Protein chains: 2
Amino acid sequence: MGQRNRLQYIILGLLNQQPQTGYDLAKAFENEIGEFWQAQHSQIYPLLKRMESAGDITHEDTVTGEKLAKKQYKLTPTGYQKLVDWVSEPSPELTPNKDEFILKLYFIKTADDPRLQPMLREQYQLHQAQLHHLQQRRKTVFADSTTVDHAYGHYLILDHAIERETHYVEWLAQYLNP
Amino acid sequence: MGQRNRLQYIILGLLNQQPQTGYDLAKAFENEIGEFWQAQHSQIYPLLKRMESAGDITHEDTVTGEKLAKKQYKLTPTGYQKLVDWVSEPSPELTPNKDEFILKLYFIKTADDPRLQPMLREQYQLHQAQLHHLQQRRKTVFADSTTVDHAYGHYLILDHAIERETHYVEWLAQYLNP
DNA sequence: CACGTCATGTAAACAGTTACATGATTCG
DNA sequence: CGAATCATGTAACTGTTTACATGACGTG
């Protein structure tokens, strides 16, 4: 059965925050949420149609300017209930993680392999950059300290992403030669 | 082009450590390496055939006991070169990560949502258990402290997995009510 | 009016999971 | 001799990426 379509629940969650278009949804995967799930518009548009057929969402055509047609999607009560059920149900399997770089390390046999230090340095740069980007996000998104009160989940996942990158960078540093 | 078949390189790396069967390879994804990549036997067997056609690996039929046929696969020089190239080439894109649980958190709006604490507790248990398992692995695999010298990569990824779980657990604990 | 972004879609290929299927070996 | 494990494979489906395709809007 493949793995059970988690993307649909994420879309339900996003639409519950506010009605929006497929284009908007695709954009959402470029920020914090992209740290924990990814999807392209080519996967989103067909799924939206299937979800509408299933009765979980509906759309309203709106026209911007002269004739640019947008489809504003929103939840139906059924869709809302599906979202609530998903969030409430346990998540007893740890979602499998993948990391191509860490795997490459597995095939390095000795500490003095000349490829090791350049590899570590490259990843250090990448994760450092990612960390800075996430810290900037936190500064701008939660500039107003009261924001966290009604966007607690948003705060949590951004915090988790920052912690993850912080420790990744620290781990790399530990094995980097000065 | 889909995403470029990283599994084949992992298989090359595993076969470089020692010639082995498809069954053995599938097993490898149950331990440390499973922390950073996953594959079922149904994906591995067909891929081994394709890799053999491509000239990267060869196999030898061996018979155990009365008539149990095994296929022992090993690298060809071409395959070995492919492995070296893969490990040496930069890994400039961070492999996308997925985490269903963290995503669910995103849809929790306030800190007093009654679903939050049970969710955190459940994940705490899961990651705590995973952490203990990994720590046991380290104790047994690296009981002999000289093992690390010729299995440095193995040590690195196990260490990384342990660090990752340690900080995940700490992060959860931070938001758990006493 | 050109360029970047907004907006929606489809097609083809590739990756990965689940289920089906079969048989041998080992150990209690 | 039954159950767990070793061992190999295929089929069907689901998930995901890449590429192709089209057109409108806003700004300089």
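In what follows, chains are A, B, ... by sequence order, proteins preceding strands, each numbered from 1. Because the structure is predicted, anything quoted here is derived from the model rather than measured.
Between the P atom of D:dT17 and the NE2 atom of A:H41 lies a distance of 13 Å, rounded to the nearest Å. For B:R6 and D:dT16, the CZ to C1' distance is 12 Å, given to the nearest whole Å. Computed from coordinates, the B:K27 NZ to D:dT8 C1' distance equals 15 Å when rounded to whole Å. At whole-Å resolution of the value, CD in B:Q20 and C1' in D:dT8 are 15 Å apart. To the nearest angstrom, P of D:dA7 lies 14 Å from CG of B:D61. Separating the CG atom of A:L25 from the C1' atom of C:dG9 is a distance of 15 Å, rounded to the nearest angstrom. If you measure from atom OH of A:Y73 to atom P of C:dG9, you get 6 Å, rounded to the nearest angstrom. With rounding to whole Å, B:Q40 atom CD is found 17 Å from D:dT14 atom P.
Residue B:Y23 places none of its side-chain N or O atoms closer than 4.0 Å to OP1 or OP2 of D:dT8. Distances shorter than 4.0 Å separate some side-chain N or O of A:T21 from OP1 or OP2 on C:dT8. At the phosphate of D:dT16, OP1 or OP2 sits under 4.0 Å from a side-chain N or O atom of B:K98.
Listed by residue number, there are no residues of residues 85-97 of chain B with a heavy-atom contact under 4.0 Å to DNA chain D. Residues from residues 42-56 of chain B with heavy atoms under 4.0 angstrom of DNA chain D, sorted by number: B:S42, B:Y45, B:K49.
Every salt bridge (Lys or Arg N to Asp or Glu O under 4.0 Å) that A:D159 has, sequence neighbours left out, goes to A:R138.
In B:K109, the NZ atom is crowded: over 12 heavy atoms of neighbouring residues, nucleotides or ligands sit closer than 6.0 Å. The number of heavy atoms from other shown groups lying within 6.0 Å of OH (A:Y175) is above 12. Few gaps surround CD on A:Q174; more than 12 heavy atoms of other groups in view lie less than 6.0 Å from it.
Using a 30° and 60° split on the angle between ring planes, B:Y155 and B:F142 fall in the perpendicular class, above 60°. Below 30°, between 30° and 60°, or above 60°: for B:W171 and A:H160 the angle between ring planes is above 60°, a perpendicular geometry. Using a 30° and 60° split on the angle between ring planes, B:F101 and B:Y168 fall in the tilted class, from 30° to 60°.
A:H154 contributes atom NE2, which lies 5.0 Å from atom OH of B:Y106 (distance to the nearest 0.5 angstrom).
Of the candidate nucleotides C:dA15, D:dT8, C:dA7, D:dT8 has the atom nearest to the side chain of B:K71. The listed nucleotides are D:dT16, C:dT8, D:dA7; the one nearest the side chain of B:K70 is D:dA7.
Taking the charged nitrogens against the carboxylate oxygens, B:R137 and B:E165 have no contact shorter than 4.0 Å, which rules out a salt bridge.
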